[in-house]
Amino acid sequence: MTTSAPTRNLNVSSYIAEAIRLEMEADDAIVVLGEDVGRQGGVFGSTRGLQKRFGDRRVLDTPISEMAFTGMGVGLAMSGYRPMIEIMFVDFIGVCLEQVYNAIAKNRYMSGGNVAMPVVIKTAGGCIGSAAQHSQCLWGTFAHLPGMHVVAPSSPYDAKGLMAAALQSDDPVVYIEHKALLLSKSADFAHGAEVPKERYTVPIGEAATVRDGGDVTIATLSANVRDALRAAEELSTEGIDVEVIDLRSVVPLDTATVAASVARTRRLLVVDEDYLSFGLSGELITRVLETLGPSGIEVVRRLGVADVPIPAARSLEEAVVPGATAIAEAVRAMAS
Amino acid sequence: MTTSAPTRNLNVSSYIAEAIRLEMEADDAIVVLGEDVGRQGGVFGSTRGLQKRFGDRRVLDTPISEMAFTGMGVGLAMSGYRPMIEIMFVDFIGVCLEQVYNAIAKNRYMSGGNVAMPVVIKTAGGCIGSAAQHSQCLWGTFAHLPGMHVVAPSSPYDAKGLMAAALQSDDPVVYIEHKALLLSKSADFAHGAEVPKERYTVPIGEAATVRDGGDVTIATLSANVRDALRAAEELSTEGIDVEVIDLRSVVPLDTATVAASVARTRRLLVVDEDYLSFGLSGELITRVLETLGPSGIEVVRRLGVADVPIPAARSLEEAVVPGATAIAEAVRAMAS
Amino acid sequence: MSNQLHEHLATMLRIRAFEEACLEGVASGEIHGELHTAIGQEAIGAGMAGVLRDDDALVSTHRNHAHALAKGVPLVPMLAEIFERATGLCGGYGGHMHLFDRDRLFSTTGIVGATLPVALGHAYAMVLDGSDAVAVGVTGDGGVNTGGFHESLNLAGALALPLVVLVENNDLAISVVSSEVSAAGSVERAPAYAARGQRVDGTDPVAVEAAFRAAVDHARAGGGPSIVEATCHRFRGHYEGDPDLYRSAEEKDALTAHDPIARARRLLLADGATEAELDELATRARTELEQALAEVRAAPAPDPAGAHDHVTLLPTGGPR
Amino acid sequence: MSNQLHEHLATMLRIRAFEEACLEGVASGEIHGELHTAIGQEAIGAGMAGVLRDDDALVSTHRNHAHALAKGVPLVPMLAEIFERATGLCGGYGGHMHLFDRDRLFSTTGIVGATLPVALGHAYAMVLDGSDAVAVGVTGDGGVNTGGFHESLNLAGALALPLVVLVENNDLAISVVSSEVSAAGSVERAPAYAARGQRVDGTDPVAVEAAFRAAVDHARAGGGPSIVEATCHRFRGHYEGDPDLYRSAEEKDALTAHDPIARARRLLLADGATEAELDELATRARTELEQALAEVRAAPAPDPAGAHDHVTLLPTGGPR
Ligand SMILES: Cc1ncc(C[n+]2csc(CCOP(=O)(O)OP(=O)(O)O)c2C)c(N)n1
Ligand SMILES: Cc1ncc(C[n+]2csc(CCOP(=O)(O)OP(=O)(O)O)c2C)c(N)n1
Ligand SMILES: [Mg+2]
Ligand SMILES: [Mg+2]
């Protein structure tokens, strides 16, 4: 737990806007396209101030035409720009996935390496009470489709650093911010609360061990890192010593860090706010199994949204979305 | 191996058309919508004869407007119809996934069970040489999103029976036919070559053990079943006794059948023509691990398209798509 | 006219009271997700009310309460759904953006542009049925720039389907001024789809009713699709909680001049109605909503044990 | 005019020879995937040739060879790509439907309707650059009913971007007669996007050039988007192997009457050209392609060891 108050206490969305501003200052090729990214500065504020600073051409408020402006990212990239495309909620990706997975993610390959696609898809995921069509995470969906990196930060520090890394990447990066985190302030975080004002990057593809422990390994990401840390605090009072790994990137997935931890704890719990099946949890467990062999593992478990849409009512929502209580319970069952 | 010639020796696509015809005769509520499904009878022939038989309203040739006609499936279902929507190639799903996963797959849930969505999405997957945008399988993509069943038949018998089951289902079913199989005839198949003329169903969610064996379990589906059987024949001459399980359904996934086999063989190879990561193979291995525990398994392996788009040139394509040779090699490595 | 307007005023007051009840739910935390109200846009719902039959279909958007009421969706279950109660129209599974009334062929979606393909499916069903029912798809001015709008209207035009596209044009898609990012108006696009096009003052319920009825009649008679564009004003932020800083204070102050309820009152008073009589209408609406609210609040939250029900009929067999 | 047509004929013959070389590749199995030729539609590519600059962008479809040649993409690497060779434009990774020439801002996609958003991005880049270059997006008549068409043209119109949409109207989308499933023609849709619209006989290269040049000039001058619709005829099946049973034998026989090459020959002969002179043009084209084919066939297939290269620069770290 961070005990001292962080130097700055802004919304996570402000740190993201800061990252974008700094990168845009450093690189004229970056342009931002999306709904409400300009005049409003984003419905969650994560592009606030950019249009004032860079003008309404470099920060373009688009109509509700995701297929067109996602495809614009392809043409802009081939013309030498580095577009950042905002899909307001990740749930809307079904109207434009085509340009994402058939063009942005494949053009480098299909061109035999001749054409680069430095495109950032920035989008918001996660539950804040808005039911089945506005609460999904879907990083597993992007991760299954080759040609893109996929990141989902859990802290103010990573939110800024991974955005900078995404904008500097010459590969497509899907950046999935969590709505609940966007609206949280530094002081709400037990990890990564301190955010430098300067440019820096957090490397894509590297997990971070945000809490050391020897009994059980929890691998998770995004808002669930907070829940896992809370659960770990609680469990520590019961004598269970939990290691919490923040995956940070889904693609590339840092199997090595997780496997090294499980090699010690022999117990792995994967916590994933995305749908449970055919996604991150199965992939990570399989990779750890491939790395350590069956004899290297004693217990595996996973918590996720168990293949059910997100319901509207709070009572139902809490029953399907994994939180600190469910995590603590799962760990207890594994440790005993 | 089937030694006697099958009674009928039609294309797999003809058996699918037959299934649809029989179901449409039995149920007036079934309507078929898609590009080229009518006058042409489908680019692979799997709706041949239907428009002549049922008229151009019940079998509608649509413009290239997948979002509109996929959404029509939603309205038709709420009006009491049982639409079958054809997305010519599964690769095109990116233009209309929205109506599939946010409406077809969720309306029953979002309505608290009040609205049924008996919609079949019929689509062709798999490699026949048409490169990155026309060769994908993507069953993992559908499977990750809750609210749909996903099937992918491997034989003439299952192609007809699963289509019938899909059309009878009150839930949405994504039916992924394999282009290479569609153009194959009964006599090309070592399993399920005999197809009755009458109506019958193959139950959704049940795997089939298409070859018994005691040394290694191969779990696979769709065209790879043929490859696995070929590999198994070859391996049997080397004294390796392979069990081949045709999963048939991705959702629901018949973990029990696979786990029961692995409980005997202690060796599991998953072969999947879809992208390797964050898909079927990781999910199945994890579920088997959850069922048997680490001590119940000795070796797991998986073969798939290793997170690379499908290349155009044959030499490259063969290097990324798993076939009989790669399967045999993988089994040899596991058995030794 | 005056009788008709009197009735429209009553409907508008009921819609406003409904929306205000919802605002209470946001303030109290009983509604914990996004909420979009039609405050300021009530004349459109009022003009639609009574025009459609039960067997006509209506597919609405994220800003759907007025349309649901216009279609005759029962008020208490609807409010209960929005208030996340077990007694809600959808048992609390759907919430404000996902209302489904199977018997009245009413449904909604939270995805912009997604209403029209669904309405098109209903329209096609009506042709298959050989019925003279019609389907209505609602969209905002933002939704007309989606691909779904184009694909649906083209198909409706090519097949002459009984589809009415109602465009609620408040000239805002959240913060984006739609006319600034649209190359042409919705009505001007009608010829591209062999559709009837009509623009109407969406603060005048009598005019809305006339235009909407004409379009519905046209569809019923087999004339094919129409676009009815109703111009209106969004009084509040896009959703509750939207700071709405993209509009100036003056701009927002000027909105009240376009209040359809004040307008109807003015006209009715000029036409001889009494203040008391009109106040009575307002009271009646508020009373209905107070009682509804009390009933809704007495209902339980959905039982979390059922959270995994209703995904599919046949279990998908995934791990829990 | 006759000089111009002479040159167009040479271009058309080159395109036809190219397509015929590809047919050989299908027959021999050297091309093992789908192939779509522009045989019968050569006048469009010929009319486009020479109008665009290297810094103009051109985004084409599944039926793209003629456009690539018109944009100046080098013939031999292009043929090699289609023939799946290591020396191909994209090293054999892309194939016939996925041609990329970075330096000439030429690219293609196999997804119908997906060309226009990409072309729109190029057009936006040109505005950001402050250049007078233009972007051209090609679509067939089938592609105009996709959502991407609508969204892209609306944005181009609203922002007055230098976008030319070239519609190759052969009135067929595989087997579906587009005019039967379209509520209006492409040109009739131009007003919906504040775009210039012009229909032209796509078997007349001179007319195509004039219309295309006018649209390009309009865009260069800052006038915004255009739709140029060129009517034409698809001589062969949709792809090689398509049994094309959805057209009657008479219908297919009648196609030759619309052969743009025969038409140009006729006109030139009437205008005083000699048979020998025109035959010489045909021979020259065939010879170029024979040589190209020989060169291509001498080249190796791509090394399978590289099949996993080029996915991303930074490895994605997945298991192999
Ligand atoms: C495909 C899609 N893109 C973006 C959104 C986010 N969104 C919700 S409502 C809205 C604005 C809609 O504007 P309009 O259609 O005019 O309706 P209004 O809110 O004015 O009633 C946006 C952008 C969405 N729900 N779906
Ligand atoms: C989104 C999408 N839907 C369907 C297809 C399959 N398909 C490929 S070409 C084609 C017909 C295209 O017709 P048109 O645009 O007129 O072009 P043409 O083939 O006549 O040149 C279709 C349906 C596709 N590639 N992409
Ligand atoms: Mg609006
Ligand atoms: Mg065509």
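Below, chains carry the letters A, B, ... as their sequence lines are ordered, and counting in each starts from 1. Being a predicted model, the structure only gives us computed values, none of them experimental.
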Please classify the contact of [X] with chain A as side chain, backbone, both or neither, using a heavy-atom distance under 4.5 Å.
X        : result
D:Leu89  : backbone
D:Ala114 : both
D:Leu128 : both
D:Leu313 : both

**Message:** A side-chain contact here means heavy atoms from C-beta on lying under 4.5 Å apart; do A:Ile121 and A:Pro172 qualify?
**Reply:** no

**Asked** Is the shortest heavy-atom distance from the side chain of A:Met78 to the side chain of D:Ser107 under 4.5 Å?
**Response** yes

Between [X] and [Y], does at least one N-O distance fall below 4.0 Å, as a salt bridge requires?
X        : Y        : value
D:Asp55  : D:Arg53  : yes
A:Asp272 : A:Arg302 : no
A:Asp170 : A:Arg82  : yes
A:Asp61  : A:Arg39  : no

**Prompt:** Under 3.5 Å, side chain of A:Ser249 to main-chain N/O of A:Leu253, donor-acceptor pair present?
**Reply:** no

What part of [X] is in contact with chain D, defined as an atom under 4.5 angstrom from a non-hydrogen atom: side chain, backbone, both or neither?
X        : result
A:Asn114 : both
A:Asn107 : both
A:Asp28  : neither
A:Val95  : neither

**Request:** Apply the test ring-ring contact (aromatic ring centres under 6.0 Å, His included) to residues D:His150 and D:Tyr193: give CA-CA distance (whole Å), side-chain angles for both, the deciding distance (0.1 Å), then the verdict.
**Result:** CA-CA 8 Å; D:His150 177 69; D:Tyr193 309 113; 5.5 Å; yes

**Asked** By number, which residues in residues 56-85 of chain D have some heavy atom less than 4.5 Å away from chain A?
**Response** none

**Message:** Shorter than 4.5 Å, heavy atoms on both sides: which option in A:Leu60, A:Val115, A:Asp171 has the most such pairs with chain D?
**Reply:** A:Asp171

**Most contacts with chain D, counted as non-hydrogen pairs under 4.5 angstrom, among A:Lys106, A:Met117, A:Glu98** = A:Glu98

**Message:** When you compare the side chains of A:Ser154 and A:Asp246, does any donor N or O come within less than 3.5 Å of an acceptor on the partner?
**Reply:** yes

**Asked** Going by atom types alone, do D:His122 and A:Ser79 pair a side-chain donor with an acceptor below 3.5 Å?
**Response** yes

**Message:** Before you tell me yes or no, could you show the steps for D:Glu30 and D:Arg297 under salt bridge (charged side-chain N to carboxylate O under 4.0 Å, His left out), namely the whole-Å CA-CA distance, both residues' side-chain angles and the distance that decides it to 0.1 Å?
**Reply:** CA-CA 9 Å; D:Glu30 286 161 290; D:Arg297 284 175 160 161; 2.8 Å; yes

